[in-house]
Amino acid sequence: MNVLISGASIAGPVLAYWLAQHGIDVTVVERAPALRKTGGHAIDLFRPAMEISERMGVLPQVMAHATGTTLLDVRRPWASRPAHIDYVKLAGTMSDRHVEIMRDDLSEIYYDASRDDAEYLFGDQITAIADDGRVTFAHGGSRRFDVVVGADGLHSGVRQIMFGDVPERFLGGYLSVVSVPKSFAREGEMTGYYEPNRVAMVYTADHLDDARAVFVFRPVTPLAFDHRDVSRQKRQLCDAFTGVSGEVDTWLAEVGRTPAFYFDAITQLEMTTWSKGRVTLVGDAGYCPGPAVGGSTSLAVYGAYVLAGELARAKDILASDERLREEQISTAFAAYEAIMMPSVVGARAFAATTAKTIVPGSRLGVDALVAAGRVISVLPLGVTQALARFNRRGVRLYDTMPLPA
Ligand SMILES: Cc1cc2nc3c(=O)[nH]c(=O)nc-3n(C[C@H](O)[C@H](O)[C@H](O)COP(=O)(O)OP(=O)(O)OC[C@H]3O[C@@H](n4cnc5c(N)ncnc54)[C@H](O)[C@@H]3O)c2cc1C
């Protein structure tokens with residue numbers, strides 16, 4: 001069996017690793033000319049993704065790249081003093097097994113784990129996929145694959161080719177991450193400015209050469225947003241945050257010259273199936289619950305692992321007859337979707353709630369969020385974890401996802 005994966009970020013390399021482990025030939029095509037070490041916010045890896053990383057033998061590297069943030073310093077214009085929240089306890093409440101790591105570090109770790117056993121083609125992309133698995137590439141040439149997987153993110157090219165425009169749900173906010181000088185942040189601390197409908201934070205990590213300024217905002221009316229128009233996104237970001245504070249203005253002054261800029265609408269995909277013929281989707285391409293609000297990275301790792309398991313099962317019984325072979329592939333896709341669907345549905349619901357709660361719309365809401373953070377900070381971790389375990393559809397959703405062998 002040979003499989004083509006589009007996208008080398010998180011889902012793509014994890015899938016490539018596991019397929020290669022099962023003796024399947026893997027090619028990964030990535031549109032960017034090299035692995036995208038282009039910034040982005042820290043992401044959370046929850047229990048299933050931690051266990052998958054452990055089974056891949058990369059957990060020590062993952063732990064070595066943890067951001068190490070221990071304190072959240074929250075400033076509100078109407079409060080005379082900053083509020084200090086214990087970040088370790090906050091994260092520990094969500095998961096018994098968790099790490100916060102930069103997206104680009106994680107991508108590189110998974111890429112390094114898979115690169116020797118998979119063929120990586122950088123700087124190219126798929127332009128057409130025929131029913132028999134023949135794929136045409138932008139830079140010329142075509143090749144035939146048994147299976148094609150879109151692991152190419154929220155704005156997936158494979159999804160566009162196979163499904164066209166699909167139902168999306170805008171969760172009402174935007175997320176932006178800007179690389180700023182390291183001196184702007186204090187190590188181990190995240191400094192945040194909270195106001196109704198907008199939050200700006202800055203943090204760094206020991207091993208980073210820069211700091212990351214993160215902005216989340218919920219404008220009253222949705223922006224005229226184009227995910228390819230970076231200059232307009234930069235203007236929209238500055239319009240939304242200029243004047244919040246002198247410190248935030250300093251971060252914004254870097255936007256014009258930053259080496260790494262990320263901006264996206266917090267949008268959720270609502271597909272009820274993400275497989276067609278020989279093609280399926282994994283990670284954000286198929287079931288993004290919304291950037292920054294729904295644990296999309298853990299879901300992508302989990303989905304890649306589950307899909308690889310089902311394709312490995314199909315490979316073991318792969319028929320020589322072309323029609324039977326297609327049947328086996330579609331059986332594998334159906335099993336993959338059946339395992340994933342409850343987690344995807346849960347992540348969508350969790351993300352829709354989180355999108356509202358992390359950026360409250362009123363002073364009262366901001367104060368309530370800070371008060372909850374303070375309570376978690378003073379209670380012993382064991383107590384908040386015990387209480388949180390009752391919330392299997394909320395904060396504990398990820399820890400309770402079943403991990404197949
Ligand atoms: C540079 C970058 C920064 C990010 N920063 C954040 C962040 O700050 N906060 C957050 O919540 N999420 C962020 N994300 C998204 C986050 O990585 C995903 O939500 C999650 O990890 C799931 O990963 P994924 O592999 O499914 O998709 P993604 O991480 O989105 O990766 C998709 C990959 O496919 C590639 N690609 C896209 N289109 C094509 C194409 N047509 N052909 C071939 N390759 C293609 C992309 O270059 C990328 O490498 C970022 C993603 C990227 C690429």
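All of these numbers come straight from a predicted model, not from anything done at the bench. Whatever order the structure lists ligands and atoms in, that order sets their numbers, starting from 1.
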Check whether any N or O atom of [X], backbone or side chain, sits under 3.5 Å from an N or O atom of ligand 1, and answer yes or no.
{"X": "S9", "answer": "yes"}
{"X": "A292", "answer": "yes"}
{"X": "Q125", "answer": "yes"}
{"X": "L154", "answer": "no"}

Closest to [atom] among [options] (heavy-atom distance):
{"atom": "atom 50 (C) of ligand 1", "options": "R31, R103, Q160, R212", "value": "R103"}
{"atom": "atom 30 (O) of ligand 1", "options": "G153, P289, G303", "value": "G153"}
{"atom": "atom 6 (C) of ligand 1", "options": "Y110, F261, Y262", "value": "Y262"}

Original post:
Does R159 reach the main-chain N or O of W274 with its side chain, forming a donor-acceptor pair under 3.5 Å?
Top reply: no
I'd like to know if the side chain of Q233 and the backbone of H227 have a donor-acceptor N/O pair within less than 3.5 Å. yes
With heavy atoms under 4.0 Å as the rule, classify the contact between [X] and ligand 1 as side chain, backbone, both or neither.
{"X": "T297", "result": "both"}
{"X": "R36", "result": "side chain"}
{"X": "A300", "result": "side chain"}
{"X": "D264", "result": "neither"}
{"X": "S156", "result": "neither"}
{"X": "A8", "result": "backbone"}

Find all atoms of ligand 1 within a distance of less than 4.0 Å from any non-hydrogen atom belonging to [X], and give their numbers and elements.
{"X": "S296", "answer": "19 (O)"}
{"X": "I10", "answer": "21 (O), 23 (O), 25 (O)"}
{"X": "A151", "answer": "32 (C), 33 (C), 34 (O)"}
{"X": "P291", "answer": "11 (O)"}
{"X": "S6", "answer": "42 (N), 43 (C), 44 (N)"}
{"X": "V177", "answer": "8 (O)"}
{"X": "G283", "answer": "26 (O)"}
{"X": "D284", "answer": "18 (C), 19 (O), 20 (C), 22 (C), 26 (O)"}

With a cutoff of 4.0 Å, is A32 in contact with ligand 1, counting heavy atoms of the residue only?
no
Validation row: [X], [Y] side chains within 4.5 angstrom (heavy atoms):
{"X": "I126", "Y": "V29", "result": "yes"}
{"X": "F184", "Y": "T250", "result": "yes"}
{"X": "V202", "Y": "V180", "result": "yes"}

Exercise. Is D226 atom CG crowded by more than 12 heavy atoms from other residues, nucleotides or ligands, each under 6.0 Å away?
Worked result: yes
Can you confirm whether K276 is buried at NZ, in the sense that more than 12 heavy atoms of other residues, nucleotides or ligands lie under 6.0 Å from that atom? yes
task: Flag the pair R103 and D105 as a salt bridge only when some basic side-chain nitrogen lies within less than 4.0 angstrom of an acidic carboxylate oxygen.
output: no
Under 4.0 Å between a Lys/Arg side-chain N and an Asp/Glu carboxylate O for E119 and R143?
-> yes
*asked:* Taking the ring of F263 and the ring of F215, is the distance between their centroids below 6.0 Å?
replied: no
Here the pair of heavy atoms bringing L59 nearest to R97 is CD2-NH2, 3.2 Å
Between Y194 and L369, the two heavy atoms sitting closest are CE2-CD2, 3.7 Å
Residue set satisfying salt bridge (charged side-chain N to carboxylate O under 4.0 Å, His left out) with D264, at least two apart, ordered chain then number -> none
